[in-house]
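Just so you know, ligand 1 is whichever comes first in the structure, and atom 1 is the first atom listed for that ligand.
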Amino acid sequence: MSNDVIKIFDTTLRDGEQSPGASMNTEEKIQIALQLQKLGVDIIEAGFAAASPGDFDAIKRISEQMDKSTVCSLARCVEKDIKAAADSIALAKYRRIHVFLATSPIHMEYKLKMKPDEVIKKAVQSVQYAKTFTDDVEFSCEDAGRSDISFLKEVLDAVIKAGALTLNIPDTVGYCLPNEIGARIKELSDFVNDRAIISVHNHNDLGLAVANSLAAIENGARQVECTINGLGERAGNAALEEIVMAIKTRQDVFAPLYTNINTKEIYPTSKLVSLITGIEPQPNKAIVGKNAFAHESGIHQDGVLKNKETYEIIKPSDIGLDKNNLVLGKHSGRHAFKDRLQTLGYTLKDEEVNEAFEKFKILADQKKEIFDDDIRALVAEEITKIPQVFELVTLQLSDCNPGGVPNAAITIKHKDKLVTDAAIGNGTMDAVFKVIDRVCGVNGELKDYKVDAVSQGKDALAKVIVKVAFDNNKPIIGHGLNVDTMYATAQAYIGALNSYMSMK
Ligand code: KIV
Ligand code: ZN
């Protein structure tokens, strides 16, 4: 393989999922993995198999469906973790086990309570054990950014001899500065030479994750670990889209280095991840933020009209952002709808197209103009659908006047039977949740609630995301999409309940 390719290792489904509030169900993870493969990601870290049966199952199902990207499963240096990781990816065409152990003084002394030589021994044993399942083994020195560099060299030397092919140097707490990372990676990559690939994994606690990743690449790293929209623990991980576009835009600096990413899939991927997680990138976020290509000031607008390159260093179309967005409406037929789906890059099965079209028609009756983002939201709902144990049929609300008694009457379909009931509450939303709990025989506690307009206009689709803990269990996310916010709220709550049921 060319030494000029920068391998993109995406960890949206593992480190990204560790973002507060970003947990996803299996169907959602599969759809993201398929999209990451389409984007051209070399390695998809699909999860941490030993974390829960749900994580294991998601990695297994992703493994069954990937035919281009390598599927990677994370494990601590613990036999049962490594075995779970190996089992979870057994069916993948290309598979990798990623084992990690901390190497910084603070982690070794307080967290691991291990001496440096014990750490080396454990790392070696773990890599050797992982190698019994697959040749492609990656080793990470957790908190490498704060580890002693001569100790790092000892660890790397030992794990290379044990068979690790990729050596990851994470800045786990986002502590390092670009010049420090650059110097560290240069020294380590000279030391490793071509015995293994050096990888970096930078967190964004000081807002430097992307800058640090680029410094590492300039100094010998040939794999970079990152996430879509920069999701991840605390302040997140390095954003994939920023690293890739920096390498592409600044070929004067990075050539002959390149990535295998099809940049036209960046915007659709970012959108899918934000629709599923409910975490929208901040408006001024580089590359994929809502304002990334908006020119507000008159001077800038004038410049762009005369020559786009005066103020635009990236063409929106390079990331798959089609500004000439054709608006559909109630008179648009199946053909136009299907055509638009294709232009937006969706390849859906016939029954999925049919279901999405049905939803599109209902929406077109309620909303005058349907934009690309509406279609993306409809499709995301459709492709990530899980079995509907409970299905919302109708919702009627009354009395939201101050001093009145808010009342919600609902009909829910369960096992082919329609159940109708009503409840009052402290506000309309409370009444809706109470009646759903009663009909479905659960006790849900609302932990988080978010509503966004999907596109524009007074009749915009409302996208509701709730986080609900049912019967004192772990909170689960549910999505709802409707022009009526309360209806979308009820859908989201029932969606979370269906996820809970499918996990049970
Ligand atoms: O940040 C980190 O150190 C990690 C490792 C598991 C690679 O996520
Ligand atoms: Zn991390």
Asks: Taking the six-membered ring for Trp, is the centroid-to-centroid distance between Tyr129 and Phe133 below 6.0 Å?
Replies: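 Yes.
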
Asks: Do any nitrogen or oxygen atoms of Asn168 come within less than 3.5 Å of a nitrogen or oxygen of ligand 1?
Replies: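 So ligand 1 has no N or O lying under 3.5 Å from an N or O of Asn168.
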
Asks: Which atom name would you report as the N, O or S atom of Asp15 nearest the Zn ion (ligand 2)?
Replies: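 For Asp15, the N/O/S atom sitting closest to the Zn ion (ligand 2) is OD2.
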
Asks: Considering heavy atoms of the protein only, find what lies nearest to atom 4 (C) of ligand 1 and give residue, atom and distance to 0.1 Å.
Replies: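 Looking only at protein heavy atoms, the one closest to atom 4 (C) of ligand 1 is His201 NE2, 3.5 Å.
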
Asks: One residue to check: Glu225. Relative to ligand 1, which of side chain, backbone, both or neither has a non-hydrogen atom less than 4.0 Å away?
Replies: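 Glu225 to ligand 1: no contact under 4.0 Å from either part.
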
Asks: What do you get for the angle at the Zn ion (ligand 2) between NE2 on His201 and NE2 on His203, to the nearest 10 degrees?
Replies: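 Once rounded, the angle between the two atoms at the Zn ion (ligand 2) is 100°.
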
Asks: Check for me whether the distance between the ring centres of Tyr493 and Phe470 falls short of 6.0 Å.
Replies: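 Yes, ring centres under 6.0 Å apart.
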
Asks: So which protein heavy atom does atom 7 (C) of ligand 1 come closest to, and at what separation?
Replies: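 For atom 7 (C) of ligand 1, the nearest protein heavy atom is Ser140 OG, 3.6 Å.
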
Asks: Going by the atom numbers of ligand 1, which of them fall below 4.0 Å from some non-hydrogen atom of Asp15?
Replies: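 With Asp15 as reference, the close atoms of ligand 1 come out as 8 (O).
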
Asks: On a heavy-atom basis, which atom in Val119 and which in Ala102 lie closest, and how many Å separate them?
Replies: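 Closest approach of Val119 to Ala102: CG1-O, 3.7 Å.
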
Asks: Would Lys153 and Glu187 pass as an ion pair if we require N to O under 4.0 Å?
Replies: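 Between Glu187 and Lys153 there is a salt bridge, with a charged N closer than 4.0 Å to a carboxylate O.
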
Asks: Return yes when Arg14 approaches ligand 1 closer than 4.0 angstrom through a heavy atom, no otherwise.
Replies: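 True for this residue.
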
Asks: Step through the shown structure and confirm whether more than 12 heavy atoms of other residues, nucleotides or ligands are within 6.0 Å of NZ on Lys264.
Replies: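 Yes - once you tally the heavy atoms of other residues, nucleotides and ligands closer than 6.0 Å, there are more than 12.
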
Asks: For ligand 1, which atoms have a heavy atom of Pro170 less than 4.0 angstrom away?
Replies: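 By the 4.0 Å cutoff, the relevant atoms are 3 (O).
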
Asks: What part of Thr172, side chain from CB on, backbone N/CA/C/O, both or neither, has a heavy atom under 4.0 Å from ligand 1?
Replies: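 Answer for Thr172: both.
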
Asks: Would you call Ile169 and Ile198 a side-chain contact if the rule is heavy atoms closer than 4.5 Å?
Replies: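 Yes, their side chains come closer than 4.5 Å.
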
Asks: Spell out, as yes or no, whether a donor-acceptor pair under 3.5 Å connects the side chain of Asn212 to the backbone of Cys176.
Replies: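 Side chain of Asn212 to backbone of Cys176, a donor-acceptor pair under 3.5 Å: yes, one is there.
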
Asks: Only heavy atoms of Glu142, strictly under 4.0 Å: list the atoms of ligand 1 that pass.
Replies: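 This gives 3 (O) as the contact atoms.
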
Asks: If you measure every N/O of His203 against every N/O of ligand 1, is any gap under 3.5 Å?
Replies: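 Indeed, backbone or side chain, His203 has an N or O that close.
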
Asks: Regarding Lys450 and Asp452, does a basic nitrogen lie under 4.0 Å from an acidic carboxylate oxygen?
Replies: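 Looking at Lys450 and Asp452, the cut-off is met.
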
